[in-house]
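Below is one structure, written out as structure tokens; comments come after it.
This structure is a prediction, so every number in the text was calculated from the model and none was measured. Chain identifiers are assigned alphabetically (A, B, ...) following the order of the sequence lines, protein sequences preceding nucleic acid strands; residue numbering begins at 1 within each chain.
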Amino acid sequence: MPEDDRKDATRDAVEREIDAALKEQVTGLPPDQAEALREKIRLRVRKEVERDLLARTASERRAAARLAREERKKEKQAEEGELFQRFNRNFRFQHVVMFTAVILLIITGMPLKFPNFILSRFVINFWGGIQNSTIVHRIGAGMLIYFMIHHFLYTVLTRDGRRDFWLLIPKPGDAKDIVHNIRHFLGKVPDKPRFGRFSYIEKFDYWAVYWGCIIMIGSGLFLWFESIVLRFLPKYALDVAHEMHSDEAMLATLAIVIWHFYNVHFNPDRFPGTLLWWHGQLSEHEMKEEHPLEYEEILARRAGESAEVTNR
Amino acid sequence: MRKFALAAVLFALGWGGLPGLPRDASASISLEKCTLCHGKPEFRKLLVDGQIRDLFVTGDTLKGSVHGKKGCTDCHFDVSEIPHLVRPRRVTCTHCHFRGNQEGAPQSDNVLAYFDSAHGKAIAQGNTKAPLCQDCHGSHAILKAKDPGSKVARVNVAETCGKCHMEIYAQYKGSIHGTALAKGIVEVPSCTGCHGEHKIYAHTDPKSTIFATHVSEQCSKCHSSIAIMGKFGIETEQVATYKESFHGVASQFGSRTVANCSSCHGVHDIRPPDDPLSTVNLKNVPKTCGKCHPGANPNFAVGKIHVDAKKKESGIIYWTATFFKWLTIGTMLALIAHIFLDMYGRTRRLRGER
């Protein structure tokens, strides 16, 4: 078979090249390690070459590439450990709706607070003028109101929602965690505090959003339906709502851009950000690192379950 | 042959009859010849519509005006024979008044500005009622605008405009600006103070100084100046508070529907708020706001309109602003401190310290 001959010839050539390259690499290593390394690399390269030779059409090549990706993923998973589902699909959907709404609200709202800032005019003109940007702001507002209702129903109606709500309520232990964490930052304590499902940072974020949503939606609805509001309340009530809307917007934006972005993006552990918001999974490694108490609880529950199964 | 005929016609008309061509003094007709007829006090003409046109002119007519040294035919240059058989055309001031003229007339582009303006365009479109230069500046007794006797002096210009814009003039006369002007206060804006002098455009024209998005800028020229407003005990913060309000911000971003100064305070009939006829009198506020906010009620008038959250007099609004100010400062200081402590800890661990 001339086809097979050609393949063998290629394979031999590749192997010779690998040997030549490896000779330089493994000179410093002890012989058994060098042999192991050589064997490992040779296996991988041969696999690649064979797959490339076998795959003739584009679709075959794509399938091969997918297989390779999955294999790499499996390898990585073995290093990182099991994946834990931290946020369910419903919760991730809420987060996406909320951050889309908040981004729209910030970029259409901030120019109104700082009309003389050089970018403000650009941003307003990007939407086609103030008439359009106010409509976009109301679309964002509608999304945020929807998110608030959705989250309220989620908290009341679903098992996960109720569990998370109780876990998010601040407890005296959180104050201890704050002190412990600051002492850890200053180098007084070697280990960082062991957090449960929600650390004090996440609890703060959650209740900050709660507070922000109530203030912003409340005052925003006042400003949106000013004629109806003024039927029942004097004009200064509207001025108070305007002031609250403007000031709380500033606080929320600063908290998001500085605090939340640091915790999930600029923090060296996370930079430039993880896909937790998309797939909702944490690896075993991350669980042990960031939520050790929850991790232990899950393991204990599993042990209990398996014990039940074996006892039965 | 044709060329000769043309030359003959031109000669017959006289060089003076050709606009734009230089004329020497000898070509003009002396004052005495004109006053032979026009100097008689009863010299007048009965027009077709029954009106009487007074044609009495003497040698003193131009005396004291800016054209005191000019003769009749310097402006009425189409009169080349005495007695003239046809009625002389309307005087064209652009004969001398353009930039680069040799006659010694003031060098200015006002004539170009005029032709671009609402009045100039109306003239160009054939509206015979639209004003030419002489309708505002006067025909024989033209004085400098600085001269208080001039028809276009600040104290007189409203009356001059009012010859045609009668209703508006009546409104203006009753307004705070009009009454102040009648008292002889010169800082007060007359028509030209807001509309411009030669560059007068319709309020729907974006070039206009009183286009919807330019109104606040135009009013604030005086109303944000402490030097001017201080004399009359008027606050200047109204401009700043408007610019910070949603109305002001939207107007700055080009919204034409949002309220500007004149949407609430009126246009020509601006009156002080304690005047019962004022659109911003507390009793009239619901009606004024109701122009844009349907169903406006007396609640619109409860609380200051030009409210400044930074001032303690604003009461609950001031306290809200103060609360949020300290909440923001406190929260952000705590959060930023936490971030820096975290980074400090990370640096320590990276250096291999505990």
Side-chain angles (χ1 to χ4, degrees), chain A residues 111-116 120-121 124-125 129-131 133-134 178 181-190 192 201 204 208 211 215 219 223 226-244 246-248 250-252 254-255 258-260 262-263 266-269, chain B residues 243-246 248-258 285-286 289-290 292-305 307 309 314-325 327-329 331-332 334-346 348-350 353-354:
Chain A
L112 302 187
K113 190 166 170 66
F114 302 104
N116 295 323
S120 299
R121 193 162 286 268
I124 294 289
N125 287 345
I130 183 91
Q131 293 85 350
S133 85
T134 50
I178 295 174
N181 211 8
I182 288 170
R183 280 168 63 80
H184 168 64
F185 293 154
L186 295 172
K188 311 259 192 227
V189 192
K192 60 180 187 179
I201 294 173
F204 172 82
W211 159 260
I215 298 278
S219 60
L223 300 170
E226 84 288 344
S227 293
I228 298 170
V229 169
L230 279 168
R231 230 175 269 166
F232 308 105
L233 293 170
K235 194 248 170 194
Y236 63 75
L238 211 59
D239 288 331
V240 171
H242 181 257
E243 195 56 45
M244 280 162 82
S246 163
D247 294 348
E248 174 60 30
M250 196 65 233
L251 173 55
L254 286 175
I258 296 176
W259 174 247
H260 188 61
Y262 176 74
N263 286 331
F266 302 130
N267 178 330
D269 288 345
Chain B
K243 281 193 175 153
E244 279 169 22
S245 73
F246 178 74
V249 171
S251 177
Q252 272 163 277
F253 284 128
S255 170
R256 299 174 197 179
T257 47
V258 87
V285 161
C289 297
C292 303
H293 300 276
N297 62 4
N299 273 338
F300 276 74
V302 184
K304 214 175 162 210
I305 302 285
V307 69
S314 308
I316 187 169
I317 301 153
Y318 167 78
W319 291 113
T320 313
T322 314
F323 168 72
F324 274 100
K325 186 171 101 186
L327 181 71
T328 309
I329 291 173
T331 313
M332 290 322 296
L335 297 184
I336 291 169
H338 191 279
I339 290 171
F340 275 97
L341 282 171
D342 185 13
M343 291 199 277
Y344 172 72
R346 280 169 198 280
R348 282 180 70 95
R349 272 169 270 146
L350 274 179
E353 292 168 44
R354 205 164 51 135

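- Using a 4.5 Å cut-off between heavy atoms, A:Phe204 contacts chain B through its side chain alone, with no backbone atom that close.
- Neither the backbone nor the side chain of A:Asn125 comes within less than 4.5 Å of any heavy atom in chain B.
- Atoms CH2 and NE2, on A:Trp259 and B:His338 in that order, are 4.5 Å from each other to the nearest 0.5 Å.
- Here the CG atom belonging to A:Asn263 is positioned 6.5 Å from the CD1 atom belonging to B:Ile339, to the nearest 0.5 angstrom.
- Contact of A:Asp269 with chain B is made through backbone and side chain together, with heavy-atom distances under 4.5 Å.
- Residue A:Leu233 touches chain B through its backbone alone, counting heavy-atom pairs closer than 4.5 Å.
- Between chain A and the options B:Leu341, B:Val249, B:Thr320, B:Ile329, the largest number of non-hydrogen pairs under 4.5 Å is found for B:Leu341.
- Note that the CE atom of B:Met332 and the CD1 atom of A:Ile258 stand 4.0 Å from one another [nearest 0.5 Å].
- Distance check, rounded to the nearest 0.5 Å: CZ of B:Phe324 to CD of A:Glu248 gives 5.0 Å.
- Residues in residues 231-243 of chain A take part in these side chain to side chain donor-acceptor pair (under 3.5 Å) pairs, two or more places apart or across chains: A:Lys235-A:Asp239.
- For a residue to count as touching a neighbouring chain, one of its non-hydrogen atoms must lie under 4.5 Å from one of that chain's; by this rule B:Ala296 does not touch chain A.
- At a 4.5 Å heavy-atom cutoff, A:Ser246 makes no contact with chain B through either its backbone or its side chain.
- For A:Ile201, the part lying near chain B is the side chain, with the backbone staying farther off; criterion is any non-hydrogen pair under 4.5 Å.
- Between the CZ atom of B:Arg348 and the CZ atom of A:Phe185 there is a distance of 12.5 Å, given to the nearest 0.5 Å.
- Note: B:Lys325 NZ to A:Met250 CE = 14.5 Å, rounded to the nearest 0.5 Å.
- Under the rule for a salt bridge (Lys or Arg N to Asp or Glu O under 4.0 Å), the partners of A:Lys113 that lie at least two apart in sequence or sit in another chain are A:Asp247.
- B:Thr331 touches chain A through its side chain: at least one heavy atom from C-beta onward sits under 4.5 Å away, while N, CA, C and O do not.
- Per-residue heavy-atom pair counts under 4.5 Å with chain A were compared for B:Val307, B:Asp342, B:Asn297, and the maximum is reached by B:Asp342.
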